[in-house]
Amino acid sequence: MLKYRHALTFVALGLPLLAGAQVPVVEYESGGAVIAPGYSASGPGNGGTSAGGEAAAPSSAQGMLFMQLQQMQGEIAQLRGMLEEQQNQIQRLQQEGLERYQDLDQRLMNAGPGATSTPNSPAAGADAGGSSSSPNRDVAPAGASSQSADPEKEKLYYDAAFDLIKAKDFDKASQAFTAFLRRYPESRYAGNAQYWLGEVNLAQGDLQGAGQAFAKVSQAYPQHAKVPDSLYKLADVELRLGNQEKAQQMLRQVIAQYPDSSAAQLAQRQLNR
């Protein structure tokens, strides 16, 4: 009996010691925090990244996305500006083309049925008295070859080329008038053909070709009735090319040299704008 009492006393006294030995706690400081053994300061499975690093990473990604979005918005605005500029240029070119077609149609209507067979004649208002050549005869371009005179055949060629203008087939009309002038440079219709070649080139938007054709009317056929019109159209070409001063000089020349012509009235109207 005494033996059992000693055993119970020993067990009772040893229980607190056993309880303390079962849960060993080791405390140490890491930046002021108490950390249990078996756990790192960064937490399990985060590769050593601090809590502050985890919060900074999403913020940095959002900043990059924001910068990329701003850059894309700037590029889109720039592209829109370029598109609007191109649209304005296209509209301007379309308007100029429409005006050229309308002007050509008006001239064809004003020409009347006899326009296709109008022979070379002195320009209205021109002083042809000092000319050494006959006022009803034009000077053929230098180096041009001429076939034997055949008025009926010449008229057929000229009328066929003029019909192509009425049909708005400007490519073939340009070729036809060029071929006519090469074949019949001294034809009574040569001055008209040279003028309408300029009109065709202008309708096609070929300002350089139109300017050369109009200028050649007064150079090769100085006494022709189309000279005032060709000079006025030449001024129009220079105006389209941006040569404002040169265009105004030509308009004044038309008014001074051919005051009674319809071209002079158009020139004066243009100067008054």
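Just so it is clear, the values below take in all heavy atoms, side chains as well, and ignore hydrogens, waters and symmetry mates. Start at 1 with the first residue, then count along the sequence.
- Distance check, rounded to the nearest 0.5 Å: OG of Ser60 to CG of Leu65 gives 9.5 Å.
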Point to revise | Test side-chain contact (heavy atoms from CB on, under 4.5 Å) applied to Phe177 and Ile165, step by step | key: CA-CA 10 Å; Phe177 280 121; Ile165 296 181; 3.3 Å; yes
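- In this structure, Ala235 and Ala247 approach most closely via the heavy-atom pair O-CB, 3.4 Å.
- Taking CE of Met250 as the reference point, atom NZ of Lys233 lies at 14.0 Å (rounded to 0.5 Å).
- By the 6.0 Å contact criterion, CD on Gln70 is enclosed, its count of non-hydrogen atoms from other residues, nucleotides or ligands being greater than 12.
- Leu231 is connected to Leu241 through a chain of hydrophobic side-chain contacts under 4.5 Å among Ile, Leu, Val, Met, Phe, Trp and Tyr, so both are in one cluster.
- Of the inter-residue distances, the one linking Asp169 atom CG with Gln175 atom CD reads 8.5 Å to the nearest 0.5 angstrom.
- Closest approach of Ala210 to Gly198, counting heavy atoms only: CB-O, 3.6 Å.
- Side-chain atoms of Gln268 and Asn272 include a donor-acceptor pair closer than 3.5 Å.
- Using modelled atom types and a 3.5 Å distance limit, the side chains of Arg273 and Gln270 yield a donor-acceptor pair.
- Residues Ala263 and Pro228 approach most closely at CB-O, 3.5 Å, considering heavy atoms.
- Closest approach of Tyr258 and Ala264 over heavy atoms only: O-CB, 3.0 Å.
- Expressed to the nearest 0.5 Å, how far OG of Ser218 lies from CD of Gln257 amounts to 9.0 Å.
- Atoms CD and CG, from Gln253 and Leu234 in turn, are 9.0 Å apart once rounded to the nearest 0.5 Å.
- Under a hydrophobic clustering in which Ile, Leu, Val, Met, Phe, Trp and Tyr are joined whenever their side-chain heavy atoms come within less than 4.5 Å, directly or via other members, Leu197 and Leu207 fall into the same cluster.
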Review point. Passes side-chain contact (heavy atoms from CB on, under 4.5 Å), Asp229 versus Ser262? Steps please.
Key: CA-CA 8 Å; Asp229 291 333; Ser262 59; 4.1 Å; yes
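- In this structure, Asp159 CG and Phe180 CZ are separated by 9.0 Å, a value rounded to the nearest 0.5 Å.
- The hydrophobic clustering, which links ILVMFWY residues whose side-chain heavy atoms are closer than 4.5 Å, places Tyr195 and Leu164 apart.
- Side-chain atoms of Asn201 and Gln208 include no donor-acceptor pair closer than 3.5 Å.
- The main-chain N or O of Gly209 is found under 3.5 Å from a side-chain atom of Asp206 such that the two form a donor-acceptor pair.
- Lys226 has its side chain out of reach of Tyr221: every pair of non-hydrogen atoms, C-beta onward, lies at least 4.5 Å apart.
- Counting only distance, with no hydrogens or angles, the side chain of Thr178 and the backbone of Ser174 share a donor-acceptor pair below 3.5 Å.
- When the options Leu251, Val254, Leu266 are evaluated for a side chain to side chain contact (heavy atoms under 4.5 Å, CB included) with Leu271, the one that passes is Leu251.
- Annotation for Pro151 and Tyr189: closest pair O-CE1, 4.3 Å, computed over non-hydrogen atoms.
- A heavy-atom distance below 4.5 Å is not found between the side chains of Tyr158 and Tyr184.
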